[in-house]
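Here's the structure we're looking at; comments come further down.
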Amino acid sequence: MHNPNLIPELPDRAQLAGDRHRPLFHFAPPANWLNDPNGLIHWDGTLHLFYQYNPNGPFHGTIHWGHASTQDLVRWRDHPVALAPTPGGADAEGCWSGCAVDNNGTPTFVYTGVNPQTVCLAVSADDLEIWQKYPGNPVIAAPPPEIAAHSGHDFRDPYVWREDGAWWMVIGARREGMGGLVLLYRSANLTQWEFVRVLLAGDEQASSFFYEGAMWECPNLLDFGDRRALIISVQDAQWRLQHAAYFSGIYNNGAFAPDTGEVLVYGHAFYAPQATRLADGRIVLFGWLRETRPLAASKAAGWNGCMSLPLIATLQADGKLRLTPAPELAALRRNEWTLNDLPLAPHATHALDVAGTALEIDVTFEADPIDDYGIAVCCSPDGAEQTRIVIKPEQGELWVEHVGADPSLALLDERMPLTVTPEQPVHLRVFVDGSVLEIFTGDGLCLTTRIYPQRADSQGVTVFTAGAPVDVKQLTVWALSSIW
């Protein structure tokens with residue numbers, strides 16, 4: 001049962017407001033640790049986001065479920081912590097990731113208790129503020145014996161939906177030495193579950209679409225009508241987090257036949273996304289943006305982790321899953337600055353008359369696919385520190401290069417595929433927010449990374465070319481206001 005004495009108070013959000021690396025328009029808890037988005041549910045006109053939260057500091061441990069909500073995908077409100085570990089209970093060592101469903105008018109959490117990793121339930125009778133744990137937890141104590149024998153005790157992150165008069169669940173697991181698993185379960189009542197089958201099995205050694213790793217976490221099965229997309233988050237055999245990815249294909253009678261797959265978001269920061277359907281039918285998704293600086297830096301700062309922008313997920317006719325920033329975010333725009341048809345000579349750098357650490361940039365380049373060009377953000381006036389977004393036509397890639405950054409931050413240059421043709425201008429949308437950089441391309445791919453400028457004056461924006469002329473056909477920059 002719920003014990004209010006176990007629920008910690010949230011810190012004062014204002015205490016970290018002066019940290020220039022802390023995002024203004026990406027959701028972050030008032031302080032401390034955040035990881036996976038959980039329990040994402042649209043309830044009575046409001047989107048509720050729960051999240052993995054450690055009230056005891058900016059590091060992973062004593063995992064609770066934090067709680068926030070938004071009515072417009074833009075402005076946010078903090079709520080009291082929703083779940084805390086129950087001493088002696090199935091979640092005594094942590095309330096790990098899971099989902100939320102509407103069970104005939106009762107909001108219900110289906111989540112992971114540890115250790116061992118099990119499936120637990122909690123319900124709310126007061127519109128998602130106070131939660132009571134199901135007295136019969138865990139409702140699934142372990143995977144089937146033939147899977148448990150080779151799972152290395154990994155069995156977590158249930159994702160549940162209603163279909164054909166029954167409840168269905170996908171949950172992550174693995175086969176040691178082989179690869180990740182997504183298991184499929186069915187239930188009439190959320191408390192008694194029947195294992196149906198292995199929905200999909202990965203192969204760490206022979207990946208046809210992307211590196212599939214050793215363990216699949218945080219599965220989401222998204223329904224797009226004729227096709228479905230199965231999102232997974234890939235962990236390797238050394239427990240390192242790799243990337244979020246997806247398969248898409250036909251799902252029929254509890255069987256999934258994927259024919260397409262791809263990394264969902266490129267870069268080293270985006271992981272463990274969760275999606276839900278809004279009242280208007282759109283599917284909205286958030287990912288955890290993890291820190292890439294040393295843990296000591298996060299401990300000194302007092303916070304660790306934030307969410308991605310709210311992203312709208314769509315499935316293209318070719319089976320590819322695409323993410324675009326929710327259009328509601330335009331409400332944050334202010335101080336628009338724009339230019340058109342700026343020609344750049346070879347080896348040119350042009351500083352724009354804009355600066356800031358919370359920006360949205362929309363830019364279109366026209367260029368022959370000969371040599372590199374791009375846009376740089378968080379530039380110091382002398383150019384010694386900057387983050388360069390480089391379009392590389394010959395490689396068919398976009399790179400992010402960290403110039404002049406503190407080497408102790410262990411920032412890695414990152415890249416993603418990019419279609420570059422003479423007939424098709426290159427269009428980018430770039431969001432800069434403290435230490436967050438999210439880049440969306442015109443062909444629907446995205447790259448997310450973390451940047452930690454060390455100089456307070458690293459706020460400039462420049463466009464640049466290498467050995468060939470480029471025309472900046474259109475460029476608009478907005479300063480974005482805080483979501484609080």
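- Scored by the salt bridge (charged side-chain N to carboxylate O under 4.0 Å, His left out) test, R240 finds D236 as partners (sequence neighbours excluded).
- For W65 and Y51, the distance between ring centers is not under 6.0 angstrom.
- Rounding to the nearest 0.5 Å places OG1 of T465 at 10.0 Å from CZ of F365.
- Between the side chains of E93 and N115, at least one donor N or O sits under 3.5 Å from an acceptor N or O.
- Separation of the W76 and F27 ring centroids falls under the 6.0 Å cut-off.
- Here D372 contributes atom CG and I391 contributes atom CD1; the two are 9.5 Å apart, rounded to the nearest 0.5 Å.
- Side-chain contact check for E336 and W478: at least one donor-acceptor pair (N or O, by modelled atom type) lies under 3.5 Å.
- Remark: the T476 side chain and the D362 side chain contain no N/O donor-acceptor pair separated by less than 3.5 Å.
- With hydrogens and angles left out, the side-chain atoms of N54 and T62 include a donor and acceptor closer than 3.5 Å.
- For NZ of K320, the number of neighbouring non-hydrogen atoms (other residues, nucleotides, ligands) closer than 6.0 Å is 12 at most.
- Centroid-to-centroid, the aromatic rings of Y266 and W399 stay 6.0 Å apart or farther.
- Checked against the 6.0 Å centroid criterion, the rings of H48 and H42 do not qualify as a close aromatic pair.
- The side-chain contact (heavy atoms from CB on, under 4.5 Å) check on A351 picks up T462, with sequence neighbours excluded.
- In this structure, a donor-acceptor pair under 3.5 Å is present between the side chains of D126 and S124.
- Looking at D78 and R13, a side-chain N of the basic residue comes within less than 4.0 Å of a carboxylate O on the acidic one, giving a salt bridge.
- Ion pair D91/K133 flagged as a salt bridge, since at least one NZ, NE, NH1 or NH2 atom sits closer than 4.0 Å to an Asp/Glu carboxylate oxygen.
- In summary, the side chains of S248 and R227 do present a donor paired with an acceptor at a separation below 3.5 Å, with no hydrogens or angles considered.
- Ring planes of W161 and Y159: tilted class, angle from 30 to 60°.
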